[in-house]
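Notes follow once the structure below has been shown.
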Amino acid sequence: MAQDHAALPTKATDITPVPVRSGIDLTINGESFRHTGDPDMPLLWYLRDVLQLNGTKYGGEHGKGGADLVLVDGKATSAIGIPMSKLGGKHIVTVEGLADTKGNLHPLQQAFIDEDAIGCGYCTPGWLMASMDLLNRIKNPSDNDIDTLPNLCRCGCQTRVRQAIKRAVAAMKQGAKA
Ligand code: FES
């Protein structure tokens with residue numbers, strides 16, 4: 001039987017490339033990724049189990065305590081509470097993305113170290129991401145502003161976290177790179 005070739009492209013420019021596998025495209029810490037698995041997978045498991053970005057912690061199925069916070073388009077968001085299906089085209093930043101490309105710590109990270117605001121460290125990534133969100137909204141937060149953060153620390157570092165955030169604000173005013 002004769003084949004009808006009329007519909008076939010004749011030039012390379014007639015061909016529109018299509019993805020090998022469709023999926024959910026997003027960026028994480030400036031890198032592009034395509035999730036082709038279960039769209040209901042929470043972001044937390046994509047970060048930890050698929051990408052091996054283990055800085056973001058599990059704080060329970062409802063994200064209570066803020067250990068699982070990441071930035072989604074600049075806003076602190078529970079990574080256990082958001083499925084991959086809602087993240088197409090979004091820009092995610094995790095704690096692994098705070099240092100610059102040369103490995104210099106973000107002023108907030110340095111301030112947490114300098115103020116000894118880290119006990120066991122389990123809650124620390126969440127505090128850092130919540131603090132990033134806070135400083136995006138309020139350049140010079142008061143104690144009351146800091147106390148609105150949803151994070152908990154079982155090691156009792158809250159007071160030192162407050163000091164660390166204020167230290168980071170001062171450092172950034174003096175020109176430390178954010
Ligand atoms: S440093 Fe241990 S829970 Fe906060």
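What you see is a predicted model, and the numbers here were worked out from it, not measured in a lab.
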Verdict with supporting geometry, Thr94 and Asn29, side-chain hydrogen bond (donor to acceptor under 3.5 Å, both in side chains): CA-CA 7 Å; Thr94 71; Asn29 300 332; 2.9 Å; yes

Hphob cluster co-occupancy, [X] + [Y], side-chain heavy atoms under 4.5 angstrom:
X	Y	result
Val72	Val93	no
Phe112	Leu152	no
Met172	Ile146	yes

Side-chain ([X]) to main-chain ([Y]) donor-acceptor, under 3.5 angstrom:
X	Y	value
Arg167	Ala111	no
Lys75	Leu71	no
Tyr122	Tyr58	yes
Asp73	His91	yes
His62	Lys64	no
Lys57	Asn54	yes

Grab the two heavy atoms, one from [X] and one from [Y], that are nearest each other, plus how far apart they are.
X	Y	answer
Leu108	Ser131	CD1-CB, 3.7 Å
Leu69	Ser78	CD2-N, 3.8 Å
Ile118	Cys157	C-SG, 4.1 Å
Leu98	His106	O-CB, 3.6 Å
Ala117	Ala164	CB-CB, 4.2 Å
Lys86	Ile82	CB-CG1, 4.0 Å

NZ of Lys90: more than 12 outside heavy atoms within 6.0 angstrom? no

Working to the nearest 0.5 Å, report the span between [atom1] of [X] and [atom2] of [Y].
X	Y	atom1	atom2	result
Thr36	Asp25	OG1	CG	10.5 Å
Arg34	Leu26	CZ	CG	10.5 Å
Trp127	Arg160	CH2	CZ	12.0 Å
Lys166	Glu115	NZ	CD	10.5 Å

Take Arg48 and Leu53 through the test side-chain contact (heavy atoms from CB on, under 4.5 Å) and record every step on the way to the result. CA-CA 5 Å; Arg48 291 183 58 88; Leu53 292 173; over 6 Å; no

Just so I know, are the side chains of [X] and [Y] near enough to count as touching, which here means a heavy-atom distance under 4.5 Å?
X	Y	value
Met41	Val50	yes
Met129	Val95	yes
Asn151	Val161	no
Gln109	Thr124	no
Thr77	Ile92	no
Pro141	Val169	yes

From CA spacing to verdict: side-chain contact (heavy atoms from CB on, under 4.5 Å), Leu47, Glu96: CA-CA 11 Å; Leu47 295 172; Glu96 289 90 347; over 6 Å; no

Output, in order, the C-alpha distance, side-chain angles, deciding distance and verdict of side-chain contact (heavy atoms from CB on, under 4.5 Å) for Trp45 and Ile80. CA-CA 8 Å; Trp45 303 135; Ile80 193 72; 3.7 Å; yes

Which one of Asp145, Leu149, Asp143 satisfies the side chain to side chain contact (heavy atoms under 4.5 Å, CB included) criterion with Arg162? Asp143

Test Leu87 against Tyr46 for side-chain contact (heavy atoms from CB on, under 4.5 Å), laying out the working first. CA-CA 11 Å; Leu87 293 170; Tyr46 185 68; over 6 Å; no

